[in-house]
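A short write-up of the structure that comes next.
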2 protein chains.
Amino acid sequence: MNKNKDVVGEDQSGALMADVARLAGVAISTVSRALANPRRVNEKTRAKINAAAKQLGYTPNAMARGLRVGKSNIIMIILPGSLYYGVSQIIPQVLQSINKSLIQGGYNLMIANLDRDEISERHILDLAFGGSVRGAIILSSKLPEVDGRSLANSGLPIVSMLLDMSDAGLQSVVTNDREAVRDVTAELIRLGHRRFFYLAGPEGNYHDVERYGGVLEALEAAGLSKEAVRRSGGRLDYQHGFDIGVQAADDFAGLAEKPTAVIATSDDMAISFVSRIQRAGLSIPDDLSVVSFDGSPVCEFSSPPLSTIEQPVEEMGRAAVELLLDALGQRQNPDCVRTVVRSKLILRESIAPPKI
Amino acid sequence: MNKNKDVVGEDQSGALMADVARLAGVAISTVSRALANPRRVNEKTRAKINAAAKQLGYTPNAMARGLRVGKSNIIMIILPGSLYYGVSQIIPQVLQSINKSLIQGGYNLMIANLDRDEISERHILDLAFGGSVRGAIILSSKLPEVDGRSLANSGLPIVSMLLDMSDAGLQSVVTNDREAVRDVTAELIRLGHRRFFYLAGPEGNYHDVERYGGVLEALEAAGLSKEAVRRSGGRLDYQHGFDIGVQAADDFAGLAEKPTAVIATSDDMAISFVSRIQRAGLSIPDDLSVVSFDGSPVCEFSSPPLSTIEQPVEEMGRAAVELLLDALGQRQNPDCVRTVVRSKLILRESIAPPKI
DNA sequence: TGGTCTATAGCAAACGTTTGCCAAAAATCG
DNA sequence: CGATTTTTGGCAAACGTTTGCTATAGACCA
């Protein structure tokens, strides 16, 4: 029946499609079709082939297939090397959510870190131009570009997540940063707050622009002056979110007229800020209300529990993958280049009306 | 000079090695050698080839190479699907550290989530047996195994990280959990504590065994009875670290004779535990000392700042990659299957002598 | 100067798939 | 029952590299 040399311990990554074909008594091409396109081959033969494949523990070689069809099944996610303020908290969730969606579509997820050096840029470009990856999800605002090669014209479908890069023509999945911050600021105003302290991430960053914009909009809507809000942070060199909060606490101490409400653009900075402020003898929310951005689980267990705007990362991940898969399926839809997933304000005890 | 059809907008992922060869006026094989093994080809020719390659923006096709040499340059990291207690905090660092080391060695990092369902197991096995990956770093205690195929005999080099799986014959990179917990427990004893509360992760888990063992060793060394420590947690179904802490606080409330020191096996559970305990009116460290495990940055900003045993994740990541790369380089060294990287106790205000 | 050796470059055969094309067999139809 | 269509399976040519082997051309030695 099987005229193999000596079919016994056929383990190890050994079984080839040819082996399956031989065992099933058919041609290689038939095996290929049976596996990929079941309806192209007789049910009887297919059964034989499947049995043979199973018996041999056959697993198709992905690289051979990839080479032949000219496409890989790997998607790369480009993470900012220095995980900027808020993002580090939510990376595991993002990864998990994206990976799960991708696998369902038959894709795999590869990690690429985009540092500020040329090496990492070159590396990413090699991945893109070397046919290793089929598409990319990018969480950074910078598109790698070296020696004339640019990710932008690599021909790869790219979806941006968290940051709006629709200006660059990239499909973008973001949350409604501006609106969310505007709403929470409005709520603070409603509670009676009139002087605000805004903790910025890297200045000019999309998130900074949007979120600060949200604050200003709320102030304007309430007939308050722009002067009602003071900024802290905004350094251009990346730093840990916690460091930003610490420094902001110092800045706060130096203010003549103390704000009564703080809007932080990440949970990290809010947490370290609160810690330092409390150490300085102030009380939250009695002396100062605090709200932040991200929705890290840890906020629930701060003292006091922190109000935060929750980024729907899992949903955003799913959406990003869906867009990417659509793009891969040739259904180019250049119409909607920006998908907004609504965030959710979680109100906790860190917010109260100002004293007096 | 260049007798190409019309060499102008030669962008897109188009340039092949054949193109480079034609432009440089040499054979394909020469190009290949010039790029991979520079000393095998004349300096003059090499210069021409490099110039041509650059001009065309040539990037070698990774799948073709992989197919030919029978090896991929992708390493997969297997993450436990339900990120168990402590781990979620440190994943981004782990990933970053591992990825950086891998890239230096010319490898890429692919993510694989190992959930508790067969699908994810099968998926990982396909990756392994399909030649897609060259090696694996595993952060889970379970080796995928389905239909007779098992990761263990996939022929892939595997390194375990965080968990000691040297029993299974896997190179393992761990921290000195037992010793670290023993030391900190001894320190608590020295401060005068006699009744302890231990917050467990999944019972029987390597970390649980080691860390709880550390507590017991310290008790014994001090001539105290095993009864001096009460356990909480240890449920087998995975749950968020924060949930464990919340539940532990309930358990604590039910204890007749209150412990004076808490040893938590992750920062997450310590944080939520402390939060609940404080809400119940107890004060840290006056009523209760707390120390935990992981070394998350957020601990510094808890109130009070939490003492924690810092896992040297970056170092462990580097070590794991190094071991893996060694294994790939055929230098099989089955001697030392367990690498211990020392953790670091960070003492903060959450620890004090017991009140009276 | 003839012979031997070494450096350099080319030819062509892999690697394990997929797939266009064709042949045989089976099914359908007039 | 012959002619036409449909199903089914096989052959062989790709896909873009790497690499063993071979051929050429200098270099070196006697």
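Naming convention: chains lettered A, B, ... in sequence-line order (proteins, then strands); numbering from 1 in each chain.
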Is B:Tyr58 close enough to D:dG16 that one of its side-chain N or O atoms is under 4.0 Å from OP1 or OP2 there? no
B:Arg149 charged N/C atom sitting above B:Phe129 aromatic ring, 6.0 Å / 45°: yes
[X] has an atom [atom1]; how far is it from atom [atom2] of [N], in whole Å?
{"X": "A:Leu35", "N": "C:dT19", "atom1": "CG", "atom2": "P", "result": "13 Å"}
{"X": "A:Asp19", "N": "C:dC15", "atom1": "CG", "atom2": "P", "result": "12 Å"}
{"X": "A:Asn37", "N": "C:dT17", "atom1": "CG", "atom2": "P", "result": "17 Å"}
{"X": "B:Met63", "N": "C:dA14", "atom1": "CE", "atom2": "C1'", "result": "18 Å"}
{"X": "A:Arg65", "N": "C:dT19", "atom1": "CZ", "atom2": "P", "result": "9 Å"}
{"X": "B:Leu67", "N": "D:dA14", "atom1": "CG", "atom2": "P", "result": "17 Å"}
{"X": "A:Asn61", "N": "C:dG16", "atom1": "CG", "atom2": "C1'", "result": "6 Å"}
{"X": "A:Lys71", "N": "D:dA14", "atom1": "NZ", "atom2": "P", "result": "19 Å"}

How close do B:Val313 and B:Ser97 get, heavy atom to heavy atom, and via which atoms? O-OG, 4.3 Å
For B:Asp117, which residues count as a side-chain contact (heavy atoms from CB on, under 4.5 Å) partner, sequence neighbours excluded? B:Asp115, B:Ile119, B:Ser120
Would A:His123 and B:Asn108 count as having a side-chain donor-acceptor pair, cut-off 3.5 Å? yes
Are B:Glu121 and B:Lys142 close enough for a salt bridge, meaning some N to O gap below 4.0 Å? yes
Tell me which one of A:Ile74, A:Ile75, A:Asn73, A:Ile77 satisfies side chain to side chain contact (heavy atoms under 4.5 Å, CB included) with A:Leu102. A:Ile75
Between protein and nucleotides 5-10 of chain C, map the contacts as a letter string: B base, S sugar-phosphate only, - none, heavy atoms under 4.0 Å, written 5' to 3'. ---BSB
